[in-house]
Amino acid sequence: AVGHRVVHGGRTFYEPTIITREVISEITRISPLAPLHNPANLIGIEAARTFLPDVPSVAVFDTAFFHGLPDAAATYAIDRGVADLHAIRRYGFHGTSHDYVSHRVADFLGRDYDELNQIVLHLGNGASASAIAGGHPIDTSMGMTPLEGLVMGTRSGDLDPGLVLHLHRVAKLSVDQIDTLLNKQSGLKGLCGENDFRAISALIEAGDENARRAYDVYIHRLRRYIGAYMIELGRVDAITFTAGVGENSTPVRTDALAGLEHYGIIIDAERNAVRSKEPRRISADDSEIDVLVVPTNEELAIARQSAAVVA
Ligand code: AMP
């Protein structure tokens, strides 16, 4: 099989799906929901079907894991009729990673997946947080598109929607210019010119104030989401860092959870400084909440799901 990561499954797809002409038509139909991603995914699908015509292609949707989000978490407070007509709701993304990592956490802890309350922080160039209660995602930071939520490499994350109107009305930017600004020229890159944490750390060490501010804004937003998800979950068993930044940046992990001893979160500095490709605990033995680093592996997760459907 050829497994394809397809970013947006809309309201139609939430299972790994063998790709047929009809499936391609439907992915095309919902492409306006993810104009930067789904058309690119379709190019990959067409290429695989052309060069490997006898091999089944399977679409694994980045939105699938969050399909069952509670209504209260999935619904934007806008006019119901408009929302229904245009499929406007919070879908969530990075689902394959949140699913894979949260299961790895249960394996690592030797606990039942369904018993655990977890926060997963997928911090890569794109970034998202999720809250998973007893095996079911109850909230996630990305919304109708992968633009909502955390500060990312080049994406703004959360904004006052009024700001978008202002950019159009007063700054006279076109819709496409605003799209480019918010998706490609914002986030860490917009704040300090760099979107790689290695470069940002070097700039901070050299005394660059923009880099310092970019880092502070990033951590501020991240902590806001962690706090929100702790309240939503009520009891938290594990907080897990994954993806490029989450797996590699000791300072981000330290600052994201600094000063939370009263909430049962104690990071062990020595464990947190270890570099490894393996799942590991970075909390102290007397930390009530386990804090982990678990490398994600979306390719493996997509391969497994594709193999299961084809079998
Ligand atoms: P991803 O999208 O998961 O591949 O993550 C890419 C991001 O991870 C890069 O833009 C960097 O900001 C970050 N990253 C990768 N390696 C390191 C590292 N050794 N230290 C700090 N950040 C890293």
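Here the structure is a predicted model, which means the values were calculated and not measured. Whatever order the structure lists them in is the order used to number ligands and atoms, beginning at 1.
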K.L.:
Can you pull the residues with any heavy atom under 4.0 Å from ligand 1?
P.N.:
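Ligand 1 is contacted, at a heavy-atom distance under 4.0 Å, by G124, N125, N195, D196, F197, R198, A243, G244, V245, N248, R275.
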K.L.:
Show the atom names and distances, to 0.1 Å, of all donor-acceptor pairs under 3.5 Å that link a side chain in residues 102-111 to residues at least two apart or in another chain.
P.N.:
unit_1	atom_1	unit_2	atom_2	d
S102	OG	H98	O	2.7
S102	OG	D99	O	3.1
S102	OG	Y113	OH	2.9
H103	ND1	D99	O	2.9
H103	ND1	D99	OD1	3.0

K.L.:
Just wondering, are more than 12 heavy atoms of other shown residues or ligands nearer than 6.0 Å to CD in E288?
P.N.:
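Not more than 12 within 6.0 Å, no.
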K.L.:
In this structure, is the centre-to-centre distance between the rings of H8 and Y91 below 6.0 Å?
P.N.:
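So the answer is yes for these two rings.
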K.L.:
Running the 4.5 Å side-chain criterion over Ile, Leu, Val, Met, Phe, Trp and Tyr, what cluster does V55 land in, apart from itself?
P.N.:
V2, L52
K.L.:
When you check the gap from the basic side-chain N to the acidic O, do R221 and D216 get nearer than 4.0 Å?
P.N.:
no
K.L.:
For residues 295-302, tabulate all N or O donor-acceptor pairs below 3.5 Å that involve a side-chain atom, not counting sequence neighbours.
P.N.:
unit_1	atom_1	unit_2	atom_2	d
T296	OG1	S97	OG	2.8
N297	OD1	L300	N	3.0

